[in-house]
Amino acid sequence: MSALLSVSGLQKSFGAVVVADATSFDVASGEAVGILGPNGAGKTSLFNLITGALKPSGGRITFDGADITASSAAARCKMGIARSFQIPQPFGGMTVFENALVGATQGAGLSGHEAEQYAMDVLDQTGLLARANTRAGTLTLLERKRLELTRALAAKPKLLLLDEIAGGLTEAECQSLIATIKDIHAGGTTIIWIEHVVHALMAVVERLIVIDFGKKIAEGAPKPIMESAEVKEIYLGVDPDV
Amino acid sequence: MSGPTVSRSTRASRVAMIIGFVGLIVLIAAPWWAGRADLRLMGEIYLYLSLACLWNLMAGYAGLVSVGQQAYVGFGGYMLFALSIFGGLNPVVAILLGGVLAAIISVPVAALMFRLKGAYFAIGTWVMAEVFRLSFAQIQPLGGGSGTSLPVAIVKELGAKKAAREATSYWLALGAAVAVLLAVYLLLRSRRGLALTAIRDSEVAASGLGIDIWRTKLEVYVVTSAFTAIIGGLIFLQKLRISPDAAFSVNDWTAFVIFIVVIGGIGTLEGPIIGTLLFFALREVLADFGTIYLMVLGAVAIVVMLKAPKGVWGLIRERFDLELFPLSYRVRTKDD
Ligand SMILES: Nc1ncnc2c1ncn2[C@@H]1O[C@H](COP(=O)(O)OP(=O)(O)OP(=O)(O)O)[C@@H](O)[C@H]1O
Ligand SMILES: [Mg+2]
């Protein structure tokens, strides 16, 4: 399979804090990849670099065969990259439906009735349809996270970047989220998922990448990675899931 | 289809539209029922309403908190005088052409100003407006620092008799306010308006969803500047006299406008309308108190900012879930 996303030699630091240290990896079209790493490892920063919210000081990012290292965030979304924000960024004065509609019209380029219908379909899929007319600024944190997923999906991405959307859910809610993400993946969307809730991640992804201090320290099939010494060391006493 | 449907109008918005329409007809007829002083005051209200709507679009939606829009008010005013006195143009044509010229000038100004962020942008726009003021004060044919009056021959192009001129001037102001409100409403209702509203709420999320922030802001800045210049032309058509200090007054054309938008409710279409009415009500009540009037305005602004950061309209909307202009989308399931 050809690589949909290819990151090579990515470099970024904030003063003394290195968030990407010669980071390189490929993600094939149709794959689901998990990203693990301790707090402050640079996972969210990696998403910021991939989506164009941050500019790297070195390295290259290619997507769908094109070099996007210098492209704007908006252009990258139009090419097919959408993300959820770890700290939700809802359009607070707009309704939940309108939030989804922004994704459908601006990201996916739909218009009129088609856009409205698609926004409703996505809301239905993520379980927010009942909240469609609620002002997004009044949602609970869990609902806001769900809205992040919804809005990104509404942009019809080829590559969906999910940043910690499973935290704080009950077991039943978590299972339903896993089912939703499996559905999205089965529909052909490539996924990269940063998640501390390891069992949720393991239920979906086919490959794991482990990051610490901005450096990729392990990569491979989920099971052997989770059992490797490096990961055990990082997560010992950090995450009760492991 | 049995699935949920999407609609945009609400009962309140339909009622508001009917009332608005009837109200508009009554206002169009004002020259026949209102006195001269009232006509003048109403014309001024319409022009302030227009300035407030435009500033709100730029600052409240596009996040461009400029304190220098007096640059375009003054520019539009001066273009009226220059193009009609030296170009021999009809005053209305001169005002419209002034809007086009303002649009052209606003592009390089934006290219410069958009490099500045936040407070620096605000200060930058103010400095730019001062540059405009000082530049126009150098133009001797337009009276330099002391200004000039519109020649009687040009004024008469609006109507031979004084009453006819005043009516024309009134209708121009009313027409401008309706045009500005309608343009802003149609923009906000469109797909681009949805993008603009998204920018209002979160720039980082908006750009992540494919919205070109810089371009959208530039478009808004150019359009609001052009319209602001047209309103400026109309303001000085009412005054018949222009000087650099009056034309580029930060107090008259920006401070009062910000006051209106902030107390009315920034980032909403209804806010500037409520704000304009409150502002003029306060001004009429306090007119006899001199400087106390300004102190009361300041106090009102501070109280509103502390107690109701979304303005009077924000309070009303939160309490009653009201919307006069049907901008929101409402999803209705069958059992609603
Ligand atoms: N814009 C920024 N300016 C300065 N420092 C930053 C910025 N963004 C991130 N950092 C720092 O970079 C480091 C990595 O942050 P990042 O958010 O990428 O971590 P993370 O792996 O996502 O952590 P978490 O698991 O807590 O979400 C942190 O030390 C953070 O404080
Ligand atoms: Mg993070």
Side-chain angles (χ1 to χ4, degrees), chain A residues 47-48 51-53 72-85 87-113 115-117 119-121 123-124 129-133 135-138 148 151-152 154-155 157 161, chain B residues 1-8 10 60-61 63 188-217 265-271 309-311 313-314 317-318 321-323 326-336:
Chain A
F47 273 12
N48 287 339
T51 55
S72 71
R76 294 185 206 199
C77 175
K78 290 227 151 84
M79 291 178 74
I81 302 179
R83 58 105 54 104
S84 75
F85 289 92
I87 298 166
Q89 306 277 340
F91 301 127
M94 301 166 89
T95 67
V96 166
F97 174 77
E98 287 161 356
N99 270 261
L101 196 61
V102 174
T105 54
Q106 316 297 326
L110 302 175
S111 56
H113 185 66
E116 291 171 7
Q117 193 56 52
M120 268 190 301
D121 290 347
L123 284 170
D124 196 20
L129 192 53
R131 305 288 272 154
N133 295 329
R135 222 166 266 287
T138 65
E148 285 293 328
R151 211 169 46 182
L161 307 175
Chain B
M1 261 223 21
S2 62
T5 55
V6 178
S7 77
R8 302 189 74 174
T10 61
Y61 284 87
L188 289 179
R189 207 178 143 86
S190 72
R191 229 175 93 153
R192 321 200 94 165
L194 192 68
L196 192 56
T197 313
I199 290 177
R200 174 195 70 185
D201 288 353
S202 168
E203 287 192 17
V204 52
S207 68
L209 285 169
I211 297 167
D212 189 333
I213 307 269
W214 199 89
R215 213 186 115 177
T216 310
K217 288 188 173 193
I266 191 166
T268 65
L269 195 45
E270 292 87 351
K310 288 174 191 157
W313 181 251
R317 191 178 61 175
E318 227 133 84
D321 193 26
L322 257 188
E323 192 180 52
L327 291 176
S328 286
Y329 293 78
R330 278 166 213 262
V331 176
R332 291 209 165 77
T333 47
K334 267 278 165 303
D335 35 279
D336 276 3

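Each chain gets a letter, A, B and so on, in the order its sequence line appears, and its residues count up from 1. Keep in mind that this is a model prediction, so the values were computed, not measured.
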Rounded at 0.5 Å granularity, tell me how far [atom1] in [X] sits from [atom2] in [Y].
X         : Y         : atom1 : atom2 : answer
Phe85(A)  : Ser202(B) : CZ    : OG    : 6.5 Å
Leu209(B) : Arg83(A)  : CG    : CZ    : 10.5 Å
Gln106(A) : Thr216(B) : CD    : OG1   : 8.0 Å
Phe91(A)  : Leu194(B) : CZ    : CG    : 8.5 Å
Ser207(B) : Arg76(A)  : OG    : CZ    : 10.5 Å

Find the one option among Arg200(B), Lys310(B), Arg192(B) whose heavy-atom pairs under 4.5 Å with chain A are most numerous.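 Among the listed options, the one with the most contacts to chain A is Arg200(B).
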Locate the shortest heavy-atom distance separating Gly93(A) from Asp201(B); write the atom from each residue and the value.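 Minimum heavy-atom contact is N-OD2, 2.8 Å.
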Report which part of [X] has an atom under 4.5 Å of a heavy atom belonging to chain B: side chain, backbone, both, or neither.
X         : value
Pro90(A)  : backbone
Leu123(A) : neither
Leu110(A) : backbone
Arg151(A) : both
Thr51(A)  : neither
Met120(A) : side chain

Under 4.5 Å between any side-chain heavy atoms of [X] and [Y], yes or no?
X         : Y         : answer
Glu203(B) : Gln89(A)  : no
Ser72(A)  : Asp212(B) : no
Val6(B)   : Gln117(A) : no

Can a donor-acceptor pair be found, under 3.5 Å and without considering hydrogens, that links the side chain of [X] to the backbone of [Y]?
X         : Y         : result
Glu98(A)  : Tyr329(B) : yes
Asn133(A) : Arg330(B) : no
Arg191(B) : Thr105(A) : yes

Under the side-chain contact (heavy atoms from CB on, under 4.5 Å) criterion, do Val96(A) and Val331(B) qualify, and how do the steps go? CA-CA 10 Å; Val96(A) 166; Val331(B) 176; over 6 Å; no
With respect to chain B, which residue among Glu116(A), Met94(A), Met79(A) yields the maximal number of heavy-atom pairs within a distance under 4.5 Å?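 The answer is Met94(A).
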Side chain, backbone, both or neither of Arg215(B) within contact of chain A (heavy atoms, under 4.5 Å):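 Neither; nothing under 4.5 Å.
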